[in-house]
Amino acid sequence: MTGIAGGIVPPALRRNAGWLAAAVILLVLVADQTLKIWIKTHFYLGEDHALTSWFHIKFIENNGMAFGLELWNKLLLTFGRIVAVALFVWCLVRMTSRYELRTGFIVAVALITAGAAGNIFDCVFYGVVFDNPMPPAVAGAFPPGGGYSTWFEGRVVDMLYFPLFDFYWPEWMPFVGGGYYEFFAYIFNIADASICVGVALLILFYSRDFSLAFNGLSKNRDGNTAGSDSGRA
């Protein structure tokens with residue numbers, strides 16, 4: 001069975017790609033949740049520790065949408081994430097049987113899957129597991145009085161903050177003149193970073209693999225087997 005470069009892809013190598021994808025997902029989930037739980041139980045909300053001038057650990061929470069946006073109902077957002085992760089896992093399983101897809105592409109999809117799953121844990125469990133005391137008190141796990149919310153309505157923990165540089169726009173600039181600008185102002189977590197890295201890999205290096213995978217999954221829905229195109233470059 002041939003790969004994109006025309007060489008033979010041993011079945012054992014494809015099985016290893018599946019295990020590698022599983023390992024990537026597990027590693028990202030463990031790292032993401034370990035850091036979040038540590039931040040949640042050691043930092044008060046809004047606490048900011050500057051490790052360098054351009055890298056801070058700053059504890060904030062949000063309802064789980066990108067850049068802290070709150071446009072959807074929280075329950076719909078959480079269940080939508082769960083459906084998306086289930087779809088990604090299904091796609092990964094299908095992709096590991098397609099011999100023309102490169103291992104790096106499988107890893108990129110695994111990074112996106114792991115990142116989406118990481119924030120689900122916060123939404124599903126954190127509202128019940130943790131309380132939400134007023135600063136400077138820090139949260140405790142499994143408080144006697146119950147958590148700060150209910151199942152599926154927890155808030156996502158963010159902490160990685162990179163204020164690389166800032167400045168004030170010149171007064172003559174329309175709309176933003178005299179305003180303050182900071183790059184990079186967003187605060188995120190390991191799960192968010194995993195999604196961004198996975199998407200960047202797909203765009204920069206694996207656009208052809210994405211097309212092959214999409215076409216293969218479409219044919220699977222029409223009744224063909226995943227292996228029917230396995231020899232196609």
Side-chain angles (χ1 to χ4, degrees), residues 17-40 54-96 101-127 152-164 183-214 217:
W19 284 110
L20 179 59
V24 167
I25 292 173
L26 181 61
L27 179 63
V28 170
L29 288 178
V30 170
D32 180 63
Q33 287 302 307
T34 298
L35 181 57
K36 285 175 176 176
I37 292 171
W38 184 79
I39 291 292
K40 184 75 175 170
W54 50 268
F55 177 32
H56 294 213
I57 299 295
K58 184 174 182 178
F59 173 32
I60 67 167
E61 292 181 314
N62 64 73
N63 275 334
M65 292 193 69
F67 309 117
L69 298 176
E70 298 184 12
L71 303 179
W72 296 350
N73 177 274
K74 177 64 176 181
L75 286 176
L76 288 177
L77 175 63
T78 301
F79 283 112
R81 285 178 178 272
I82 293 172
V83 171
V85 169
L87 181 61
F88 272 118
V89 171
W90 178 81
C91 290
L92 268 174
V93 173
R94 293 281 187 171
M95 289 172 188
T96 55
L101 299 176
R102 288 176 288 181
T103 300
F105 173 76
I106 302 296
V107 170
V109 177
L111 285 170
I112 297 171
T113 304
N119 287 331
I120 287 175
F121 283 96
D122 304 35
C123 297
V124 173
F125 299 109
Y126 280 21
F152 299 98
E153 294 193 330
R155 295 190 291 271
V156 174
V157 174
D158 292 326
M159 77 296 292
L160 303 177
Y161 175 38
F162 292 87
L164 298 179
F183 183 90
F184 181 74
Y186 301 108
I187 304 173
F188 56 98
N189 55 47
I190 292 176
D192 299 328
S194 181
I195 294 173
C196 291
V197 170
V199 170
L201 289 174
L202 292 183
I203 294 173
L204 295 176
F205 303 109
Y206 299 110
S207 58
R208 184 181 180 188
D209 300 73
F210 182 84
S211 298
L212 288 169
F214 181 80
L217 292 172

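- Within the 4.5 Å cutoff, side-chain heavy atoms of Leu111 are placed close to those of Val28.
- No donor-acceptor pair under 3.5 Å is formed between the side chain of Glu153 and the backbone N or O of Leu75.
- Atoms CG and OH, from Leu101 and Tyr206 in turn, are 11.5 Å apart once rounded to the nearest 0.5 Å.
- Atom CE of Met159 and atom NZ of Lys40 lie 11.0 Å apart (nearest 0.5 Å).
- Looking at every heavy atom in both residues, Tyr161 comes nearest to Phe184 through CE1-O, 3.8 Å.
- Between the CG atom in Leu77 and the CZ atom in Phe152 there is a gap of 12.5 Å [rounded to 0.5 Å].
- Using modelled atom types, one side-chain atom of Asp192 and one backbone atom of Asn189 make a donor-acceptor pair closer than 3.5 Å.
- Side chain of Thr78 to backbone of Cys123: no donor-acceptor contact under 3.5 angstrom is found.
- Within the 4.5 Å cutoff, the side chain of Leu160 has heavy atoms near those of the Ile57 side chain.
- A distance-only check finds no donor-acceptor pair linking the side chain of Ser194 to the backbone of Ile190 [under 3.5 Å].
- The nearest pair of heavy atoms linking Ala191 to Asn119 is CB-OD1, 3.8 Å.
- The minimum heavy-atom distance linking Pro163 with Phe55 is given by the pair CD-N, 4.3 Å.
- In this structure the side chain of Phe121 never reaches within 4.5 angstrom of the side chain of Lys36, judged on heavy atoms.
- Using cut-offs of 30° and 60° for the angle between ring planes, the Phe188 and Phe162 rings count as parallel.
- Closest approach of Ile195 and Ala116 over heavy atoms only: CD1-N, 3.6 Å.
- No side-chain heavy atom of Glu61 sits under 4.5 Å from any side-chain heavy atom of Tyr126.
- Proximity of Ile25 to Leu92: side-chain heavy atoms (C-beta onward) are separated by under 4.5 Å at one or more points.
- In terms of heavy atoms, Leu201 sits closest to Ala108 at CB-CB, 3.9 Å.
- Note that the CG atom of Leu212 and the CZ atom of Arg102 stand 9.0 Å from one another [nearest 0.5 Å].
- Ile112 CD1 to Cys196 SG: the interatomic distance, rounded to the nearest 0.5 Å, is 9.5 Å.
- With contacts defined as side-chain heavy-atom distances shorter than 4.5 Å, the pair Ile187/Asn62 does not qualify.
- Taking CD1 from Ile60 and CG from Asp158, the interatomic distance works out to 5.0 Å, rounded to the nearest 0.5 Å.
- In this structure the side chain of Ile106 never reaches within 4.5 angstrom of the side chain of Leu20, judged on heavy atoms.
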